Amino acid sequence: MAVGKPSRIMAQSVNKITQKAEFLTEKGHELLNQGQYLEALEAWKEATKIYRQLHLDENVTGNLINQNLALQGLGLYLNACDLLLSALKMDAWSYSPTLNAPDKSSKKALSTAIHQVKPTPVNLLGLQNLGDILRLLGKLDESEIVLKETFSMAQQMTPSADISSILLSLGDTKQSMYERLSVEYRWIEELLFQKDTVTNIQKNALISLDYYQQVNNTTNAPISIKLQAQLQSLTLLLDFDKWLEKELLSGNSRLTTTKTNIHRQIQPLIDLIIKNSSLFNELPVSQSAYAKLNFADSLNKTSNKQLQSLAINYTKSALQTAENINNQLLQSFCWGTLGKLNPDESHVCFKQALLFAQSIRASDIIYEWQQQLADLYSQQGKSKEASHFYEAAISSLIQVRANLLGSNPDTQFFFYEKVEPIYRNYIRLLAADPSPNLEKIIQVNAHLQLEQLKNFLQCGRLNLIPLNNLQELPSTTAIIHIIDLDSTIEVIVQSPDHSLHHNSFDAKLIRSHVNNLLEIVQSLKFYSDNQFYYF
């Protein structure tokens, strides 16, 4: 009896330590669900230390994967990626922080690194998380490679693993590819590239929708995963339907059948989600609230007033949840969504959204509410207030983009979608004034051009001197500033005596001539005749 006693005492001690690690792991999940990402990270770090001391490698890997979720919540995507690569022992694969598509050797190196990972349930979860974080980092091709390999490994496991969440991730990556191509398409002028891009946009959207449908067709898929697939599918259907509508209006009749098929899927899916709305409550608390916001945003994109009213109810329900768990980031999103849904109260709602975002220094969303307030004041004719918030939004964006350049190579798409509209709306406001401040317009436009150049070069800082500040220009030189604001072309001439003259032109008149010339040039072929080429 005496011989076994120390052994039993040691076993009891180990058991207590293990229980502490399990408690910390569960506590981390609770904190994550409340939006307390830093606290969740610390809890999981403590659990990881304990599991390392006990040499429980699988538990160590599991908690490193958990830590990655907390880092994502903090916006530290590169750190999350590095942590996952370390947890999966894939350090040999080097992450390339560029937007360039991977070449064959890079793809092979990534595939080789994945196949060296032991196919256990926890490692498959880690690989799926790696695919997700690569998508957030803008590495869409790499994300797809990781997720496809993970899916293949999951199918070969015995007993078979749940593949529905991997299919959901694959659908999300394909949807991101669709979104990226949709943004690129707006800036492509070469006709052949336009046609290829249209084909790829359609292809990625349809593949994404197919992945989401596979999730719903998977019999053992968790209800929460099916709901997320339905919500993501609805988001894509609405956006793709709108994109197809624009293409049809531009004369691309080849997409008529696709447009009809996509449009007819929207209302039945909305009806299905509403019918099974109780499923929202089966998600983790904060995840449920974000899902409701997602659905509310989709409902607001329909032309159905009744559905738009229902969207407000879903958002208010999400807000109640956010207040109950005291998640300030979630409260900011809820108030911002209410501002978009309810024009009569948008000013108050955006103010509240901004206050909550500022309270936690969430600069990545602060600029959005500042822009919303600026646009609102601009529509109301309150130029002074609008100018204040445009200036504030630009200041916030500078901080956000500085962080993005260090953590996300996908900044050029962020720039086109988020940055440029703020500058252009601000210039429109200034140009619409009866006595426009022409120097201010030139200054804001110069700042925009500088940001465009930094975005193109993917650098954080450039020291350039504006053309009108150069001292060595001939005294007879006039400087012409041409500013394209979509509906108008603003022309400001700075005379040799430094006086400013302004005129505004209808952009349609100018753009139609430019487009006609561009079409003629691009449609002509090269012909050879006596070693001369005509084009």
Side-chain angles (χ1 to χ4, degrees), residues 101 107 128 131-132 134-136 138-152 154-155 163-188 191-219 221 225-273 294-295 297-299 301-302 410 413 417:
K107 290 180 179 179
Q128 183 187 341
D132 289 337
L134 286 170
R135 179 177 64 253
L136 293 172
K139 305 298 289 182
L140 303 184
D141 293 295
E142 290 86 342
S143 172
E144 185 177 25
I145 291 170
V146 171
L147 292 170
K148 280 187 172 180
E149 295 283 5
T150 306
F151 181 74
S152 178
Q155 285 183 310
I163 59 172
S164 60
S165 62
I166 304 173
L167 286 168
L168 177 64
S169 291
L170 276 165
D172 290 345
T173 292
K174 275 296 180 183
Q175 182 168 174
S176 293
M177 289 179 171
Y178 154 81
E179 290 169 350
R180 173 181 288 183
L181 285 170
S182 298
V183 173
E184 285 182 338
Y185 181 56
R186 303 175 195 175
W187 306 96
I188 297 174
L191 294 177
L192 182 60
F193 288 159
Q194 281 184 346
K195 291 178 181 177
D196 289 343
T197 305
V198 166
T199 300
N200 288 326
I201 287 172
Q202 184 179 1
K203 178 182 175 182
N204 282 292
L206 294 176
I207 292 175
S208 177
L209 290 169
D210 182 64
Y211 278 130
Y212 294 140
Q213 188 58 49
Q214 288 184 56
V215 173
N216 284 292
N217 292 341
T218 305
T219 53
I225 298 295
K226 287 191 174 185
L227 177 59
Q228 290 178 67
Q230 291 167 5
L231 292 170
Q232 290 294 83
S233 183
L234 179 59
T235 299
L236 178 53
L237 283 169
L238 287 164
D239 192 85
F240 190 33
D241 183 64
K242 184 178 179 181
W243 182 85
L244 289 167
E245 181 68 30
K246 289 182 179 178
E247 280 301 293
L248 289 176
L249 290 173
S250 69
N252 194 346
S253 58
R254 294 181 296 108
L255 298 174
T256 302
T257 302
T258 303
K259 171 70 169 70
T260 302
N261 291 336
I262 291 298
H263 187 75
R264 66 160 60 117
Q265 295 179 52
I266 295 174
Q267 191 58 50
L269 183 53
I270 291 175
D271 294 338
L272 176 64
I273 296 172
N294 182 342
F295 189 40
D297 184 61
S298 292
L299 292 176
K301 291 176 181 176
T302 68
D410 212 8
F413 304 104
E417 290 287 282

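Everything quoted here is computed from the prediction, not taken from an experiment.
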Rounded at 0.5 Å granularity, tell me how far [atom1] in [X] sits from [atom2] in [Y].
{"X": "S250", "Y": "Q194", "atom1": "OG", "atom2": "CD", "result": "9.0 Å"}
{"X": "L140", "Y": "I145", "atom1": "CG", "atom2": "CD1", "result": "11.0 Å"}
{"X": "I201", "Y": "S182", "atom1": "CD1", "atom2": "OG", "result": "4.5 Å"}
{"X": "Q228", "Y": "S164", "atom1": "CD", "atom2": "OG", "result": "9.5 Å"}
{"X": "L238", "Y": "I266", "atom1": "CG", "atom2": "CD1", "result": "4.5 Å"}
{"X": "K246", "Y": "L248", "atom1": "NZ", "atom2": "CG", "result": "13.0 Å"}

Side chain [X], main chain [Y], donor-acceptor under 3.5 Å:
{"X": "D239", "Y": "T235", "value": "no"}
{"X": "T260", "Y": "T256", "value": "yes"}
{"X": "S143", "Y": "L134", "value": "no"}
{"X": "S208", "Y": "A205", "value": "no"}
{"X": "Q265", "Y": "N261", "value": "yes"}
{"X": "S152", "Y": "E149", "value": "no"}
{"X": "T173", "Y": "L170", "value": "no"}

Strictly by modelled atom types, are [X] and [Y] linked by a side-chain donor-acceptor pair under 3.5 Å?
{"X": "Y211", "Y": "D172", "answer": "no"}
{"X": "E184", "Y": "T197", "answer": "no"}
{"X": "T150", "Y": "Q128", "answer": "no"}
{"X": "Y185", "Y": "E247", "answer": "yes"}

Please name the pair of heavy atoms, one in [X] and one in [Y], separated by the smallest distance, quoted to 0.1 Å.
{"X": "G131", "Y": "V146", "result": "N-CG1, 3.8 Å"}
{"X": "V215", "Y": "A221", "result": "O-CB, 3.8 Å"}
{"X": "R180", "Y": "G138", "result": "NH2-O, 2.6 Å"}

Item to complete: Let me know which of K226, Q175, K174 forms a side chain to side chain donor-acceptor pair (under 3.5 Å) with Y212.
Response: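 Among K226, Q175, K174, the one that satisfies the side chain to side chain donor-acceptor pair (under 3.5 Å) with Y212 is Q175.
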Item to complete: Dump the intermediate steps for side-chain contact (heavy atoms from CB on, under 4.5 Å) on E144 and M177, then the final yes or no.
Response: CA-CA 10 Å; E144 185 177 25; M177 289 179 171; 3.2 Å; yes
Would you call [X] and [Y] a side-chain contact if the rule is heavy atoms closer than 4.5 Å?
{"X": "Q213", "Y": "N217", "result": "yes"}
{"X": "Y178", "Y": "Q202", "result": "no"}
{"X": "E142", "Y": "K107", "result": "no"}
{"X": "K195", "Y": "V198", "result": "no"}
{"X": "D132", "Y": "L136", "result": "no"}
{"X": "L227", "Y": "F295", "result": "no"}

Discussion item. Evaluate L237 against H263 for side-chain contact (heavy atoms from CB on, under 4.5 Å), listing each step before the verdict.
Written reply: CA-CA 7 Å; L237 283 169; H263 187 75; over 6 Å; no
Item to complete: Might you work through the side-chain contact (heavy atoms from CB on, under 4.5 Å) test for Q230 and L234, ending with a clear yes or no?
Response: CA-CA 6 Å; Q230 291 167 5; L234 179 59; over 6 Å; no
Worksheet item: Quick one: which of L206, L209, L231, N204 gives a side-chain contact (heavy atoms from CB on, under 4.5 Å) with L236?
Response: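 Going through L206, L209, L231, N204 one by one, the side-chain contact (heavy atoms from CB on, under 4.5 Å) with L236 is satisfied by L209 alone.
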